[in-house]
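All values derive from a computational prediction rather than experimental measurement. Just so it is clear, the values below take in all heavy atoms, side chains as well, and ignore hydrogens, waters and symmetry mates. Numbered from 1 within each chain, the chains take letters A, B, ... in sequence-line order.
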Amino acid sequence: MDSSFSARGEVLRSIRLALGQRMEAERVAAQYDALPRDYKRAGTLSQEDKLQLFLRRLEEYGAGVKFVARDAIREEIGGKLAARGCRRLVIPRDLPAAWLPLGFEFIPNGGEGELSPPLGAAEMDGMDGALTGCTVAVAETGSIVLQSGPRQGSRALTLVPDYHLCVVFAGQVVETVPESFAVLDSTSDLPTTFFSGPSATADIEMTRIKGVHGPRFLDVLVVD
Amino acid sequence: MKPAVSSHWSDRDFPEAARELLEDSQTRSNVRHATDVIQAKRDAVTGELPDWQQLRDAGEAIRAHSLAHLDFYLEQFEQACTRAGGQVHWARDAAEANQIILGLIQRHSVTEVLKIKTMTSEEVGLNPYLETHGIRAHETDLAELIIQLGKDKPSHFVVPALHKNRMQVREIFQREMHLPELGERPEDLASAARSYLREKFFRLKVAVSGANFLIAENGAVCIVESEGNGRMCLTLPDVLISLVGIEKVLPRFRDLEVFLQTLPRSATGERMNPYNSIWTGVRPGDGPKEFHVVLLDNRRSPILGDAESRQTLQCIRCAACLNACPVYHQTGGHAYESVYAGPIGAILTPQLHSLEEGRSLPYASSLCGACYEVCPVKINIPEVLIHLRGKIVEEDQKTLRGQLGIWNLGMATAAMLLASGARLSMAQRMGQIAQKIFVNRDGMIERLPFPLSGWTQTRDMKSLPKQSFRQWWSERAAPSEASVGNPDRAGHAAGRGGPDGQ
Ligand code: SF4
């Protein structure tokens, strides 16, 4: 586009004019590396305290949290789904079959090499919920991060259905936000979603109200 | 003349607009309640981090570094975003940004689009522009929806409808969504918004957003939100257009580890807001098939050239300075008559208009410094305010109107009077006589005639005392040797017998 090309040139020229002397890339990089980063970049809590903090934070946001043993995942998932009255759930295509309890309908969606087209938003809206894993979780802020990686599926999957059941392995929980970025950094090109509790708003009189457009109900199983 | 598109809404100045708002007690109490609540939460969650100051230092350093090499990082962003399947457009000003966005929308032959809250689109006046071209933009953020349906203007850039309470919101929703039975609990109101918008999320094919951050190294865009309306717009439509100020770029993905701590804690007083989305370009089978970024200059680049006010562009729009500001606390956001309210608005708005508009805004501050103290990227707002006041005065003095202006005349008169004791006491005697009709029962002056009204418009003034210090000093009995040699006793004597007001 012609005019946009000249706009580009003009904006960059105007910036350079304002900034004056330019630096070559290596020196910019060296300057960047020397920026002060004296904030906390590693956690200090024991594994036990870290998991307790994670649980507390999620509960503060109004999520249901439970610690479960590795060999009880399937049973615990069944328990949660029954308690929430869910029957039909959408899942990422690569979710381990061993997680899936009998008596529920699981509809795989998204992921590589699928044969059927992904569900449309309206179809997804007809589901009772979604069941996924995650990439990493942050105890200090009660956040869980999805990266469209293994066991996580596409972004719509954990957005449209009104209920999300998320399985987090204890080893995936870090204490601080910077530690989570250390994990995410190598796959930073993937769509990345941090969620901290169910969707909420404080737009009316600054009261945090659960549930606007994202899933209004969230349960987290932390697997030891 | 005012340009057709402006982030500054009217020709009224701050004191005029503020006077009107100060009389609206409902709005004032809504604003006070909301800012008190956010501020208390913000203080709690920033106070609990032992490394809060180190995070501020890092945030400041990263933002300042990005601005110092803005051309470099923007080009890097453009390359990476394009490689990931995105399309980057550049807009010199508001009109150009609007044209680009309209063109992209028209290519898809739609007449309705989704919007995620973006102050940048308010700045360029996108919605009214699209409206005149037959395109309706649906705001999806709850607060923006309240503003849009209520035909109102945002007053705060994190909680744009904070000047409205639940009863007022209910009235708007009842009327505009045709829900006469709607309840007044915040839950009822949120759920009304959910059903009103859900159908639109599923049906509309084009969404327009802003962005909180751009990442130069991988071309990623980051949006921070609460409700999930952002995720809906970023995920479901086929086409996504993000309008972003050129200053929003960060060098690397990992820089977010600083800002995703400082922004939510400063903005809403949460350890983390419910949702953050970060994406690069287009990903087959997941999200929009077409992604555009419109980079907006709109007079940002010249600000980079002023060493003292460049820091204005470090802003990450957390609005903590609004909540902390005693002036904002009293007047709310509308008094600033500008998209960007509060202390940051007071320095940003006039600069975005090359000091041609919003000239009264740098005076809308008592320079108490609360804004600087809370700022997560350490923008020294009082310093920039004073700098801009200086620039405005300097410019004024170059014009005849400025030279005859009240400030200039006042300062010249003061210089003349203060230079001579005799002239000063004569002026004081004249003042003591002349003021009689303006002094109220409490001994205060609330309103003076023009041209002195400029001073009393925003403050009450103590009347001149019956006796000035100089009069008292010359009329009092000569002090004894002892009290002269005893400053303590002399002080007491002055305290008892001195004229009031000294
Ligand atoms: S100036 Fe600082 S405190 Fe104010 S909105 Fe910007 S980042 Fe926040």
Side-chain angles (χ1 to χ4, degrees), chain A residues 4 7-8 10-12 14-19 22-23 25 28 31-32 35-40 57 110 118 121-122 125 138 140-143 148 154-156 159 177-178 180-181 184-185 188-189 191-207 209 211-214, chain B residues 34 37-38 51 54-55 57-58 61-62 65 69-72 89-92 96 142-143 159 161 165-166 169 186-187 189-190 193-194 202 218 226-229 231-232 235-236 246 251 253-254 256-257 260-261 268 271-272 274-280 283 285-287 297 301-302 304-305:
Chain A
S4 135
R8 176 184 192 280
E10 218 178 287
V11 171
L12 286 171
S14 170
I15 295 171
R16 286 185 190 124
L17 188 76
L19 292 176
R22 308 310 309 130
M23 240 181 225
V28 175
Q31 219 182 59
Y32 176 86
L35 296 177
R37 290 185 192 264
D38 303 325
Y39 53 86
K40 194 162 103 184
R57 290 289 183 258
D125 198 31
V138 186
E140 199 169 69
T141 59
S143 309
S148 315
S154 69
R155 286 175 286 174
L159 172 64
V177 174
S180 71
F181 272 85
L184 299 169
D185 204 32
S188 65
D189 290 349
T192 303
T193 307
F194 280 68
F195 67 97
S196 307
S199 89
T201 181
D203 277 352
I204 299 165
E205 295 182 8
M206 302 313 298
T207 327
I209 320 160
V212 194
H213 305 295
Chain B
V37 173
I38 320 181
D51 58 342
Q54 286 76 14
L55 284 165
D57 289 338
I62 295 167
H65 170 85
H69 307 286
L70 191 58
D71 53 333
F72 174 82
H89 311 258
W90 300 71
R92 280 166 284 207
E96 196 163 34
L142 181 53
V159 199
N165 65 22
R166 67 180 78 184
V169 174
E187 289 79 358
L189 301 171
R194 179 179 165 106
F202 294 158
N218 67 349
S226 293
E227 294 159 21
N229 61 306
R231 291 181 68 194
M232 287 284 185
T235 313
L236 302 184
I246 50 171
F253 179 73
R254 286 200 62 178
L256 289 172
E257 71 188 25
L260 290 187
Q261 294 193 73
T268 47
R271 295 186 179 91
M272 192 65 92
Y275 298 128
N276 300 317
S277 298
I278 309 159
W279 74 97
T280 45
R283 186 172 169 81
D286 189 348
D297 185 340
S301 52
L304 294 168

Enquirer: Measure across A:T141 and B:R271 and return the closest heavy-atom pair with its distance rounded to 0.1 Å.
Expert: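 Scanning both residues, the minimum pair turns out to be CG2-O, 3.7 Å.
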Enquirer: Let's test your reading of the structure: which of B:Q54, B:R194, B:M272 forms the most heavy-atom pairs below 4.5 Å with chain A?
Expert: B:R194
Enquirer: Give the minimum heavy-atom separation between B:A190 and A:V212, together with the two atoms involved.
Expert: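 Nearest pair, atom of B:A190 first, then A:V212: O-CG1, 4.3 Å.
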Enquirer: Please state whether the side chain, the backbone, both or neither of B:L55 comes within less than 4.5 Å of a heavy atom of chain A.
Expert: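 When you check distances to chain A, atoms from both the backbone and side chain of B:L55 fall under 4.5 Å.
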Enquirer: Over all heavy atoms of both residues, which pair between B:G285 and A:S154 is shortest? Give the atoms and the distance, please.
Expert: O-CB, 4.1 Å
Enquirer: By a 4.5 Å heavy-atom criterion (distance strictly below it), what part of A:I15 contacts chain B: side chain, backbone, both, or neither?
Expert: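 Both parts, heavy atoms under 4.5 Å.
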Enquirer: Checking A:T193 against chain B: side chain, backbone, both or neither under 4.5 Å from a heavy atom?
Expert: both
Enquirer: Could you give the distance from CD (A:E10) to CH2 (B:W90), rounded to the nearest 0.5 Å?
Expert: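 Result: 12.5 Å between the selected atoms.
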Enquirer: Of the backbone (N, CA, C, O) and the side chain (C-beta and beyond), which part of B:T235 lies under 4.5 Å from a heavy atom of chain A, both, or neither?
Expert: side chain
Enquirer: Measuring from B:F72:CZ to A:L19:CG, what's the distance to the nearest 0.5 Å?
Expert: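 It comes to 13.0 Å.
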Enquirer: Among residues at least two apart in sequence or on other chains, which ones pass ring pair (Phe, Tyr, Trp, His ring centres under 6.0 Å) with A:Y39?
Expert: none
Enquirer: For a 4.5 angstrom cut-off between non-hydrogen side-chain atoms, does B:H69 reach A:Y32?
Expert: no
Enquirer: Just give me the residue among B:A58, B:A91, B:P186, B:A161 that pairs up with chain A most often, heavy atom to heavy atom, under 4.5 Å.
Expert: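 Counting heavy-atom pairs under 4.5 Å, the top option is B:P186.
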Enquirer: Less than 4.5 Å to any heavy atom of chain A: does that hold for the side chain of B:H65, its backbone, both, or neither?
Expert: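 Side chain of B:H65 only, per the 4.5 Å heavy-atom cut-off to chain A.
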Enquirer: To the nearest 0.5 Å, what is the distance between CD on B:E257 and OG on A:S180?
Expert: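 OG of A:S180 is found 8.0 Å from CD of B:E257.
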Enquirer: A:L35 versus B:I62: any side-chain heavy-atom pair under 4.5 Å?
Expert: yes
Enquirer: Given that the side chain runs from C-beta out, which part of B:Q261 has a heavy atom under 4.5 Å from chain A: side chain, backbone, both or neither?
Expert: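 For B:Q261, the contact with chain A is made by the side chain alone.
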Enquirer: Which residue out of A:V11, A:L159, A:L17 racks up the most heavy-atom pairs below 4.5 Å with chain B?
Expert: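 Most heavy-atom pairs under 4.5 Å with chain B: A:L159.
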Enquirer: Got a second to check how far A:S188's OG is from B:R254's CZ, nearest 0.5 Å?
Expert: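 Between A:S188 OG and B:R254 CZ, I get 11.0 Å after rounding to 0.5 Å.
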Enquirer: Keeping the roles fixed (side chain from B:T280, backbone from A:D189), state whether a donor-acceptor pair exists under 3.5 Å.
Expert: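 Judged by distance alone, yes, a pair lies under 3.5 Å.
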Enquirer: Check whether any side-chain N or O of B:D286 sits under 3.5 Å from a backbone N or O of A:R155 as a donor-acceptor pair, and report yes or no.
Expert: yes
Enquirer: Heavy-atom distances under 4.5 Å only: say whether B:I246 touches chain A with side chain, backbone, both or neither.
Expert: side chain
Enquirer: Rounded to the nearest 0.5 Å, what's the gap from CG on B:N276 to OG on A:S196? Could you check?
Expert: 6.5 Å
Enquirer: Show the numbers, then the answer: is there a salt bridge (Lys or Arg N to Asp or Glu O under 4.0 Å) between B:D71 and A:R16?
Expert: CA-CA 7 Å; B:D71 53 333; A:R16 286 185 190 124; 2.9 Å; yes
Enquirer: Could you report the tightest heavy-atom contact between A:A18 and B:S301, atom names first, then the distance?
Expert: CB-O, 3.3 Å
Enquirer: Using heavy-atom distances under 4.5 Å, tell me whether A:L184 contacts chain B through its side chain, its backbone, both, or neither.
Expert: both
Enquirer: Working to the nearest 0.5 Å, report the span between CG of B:D51 and CZ of A:R37.
Expert: 13.0 Å
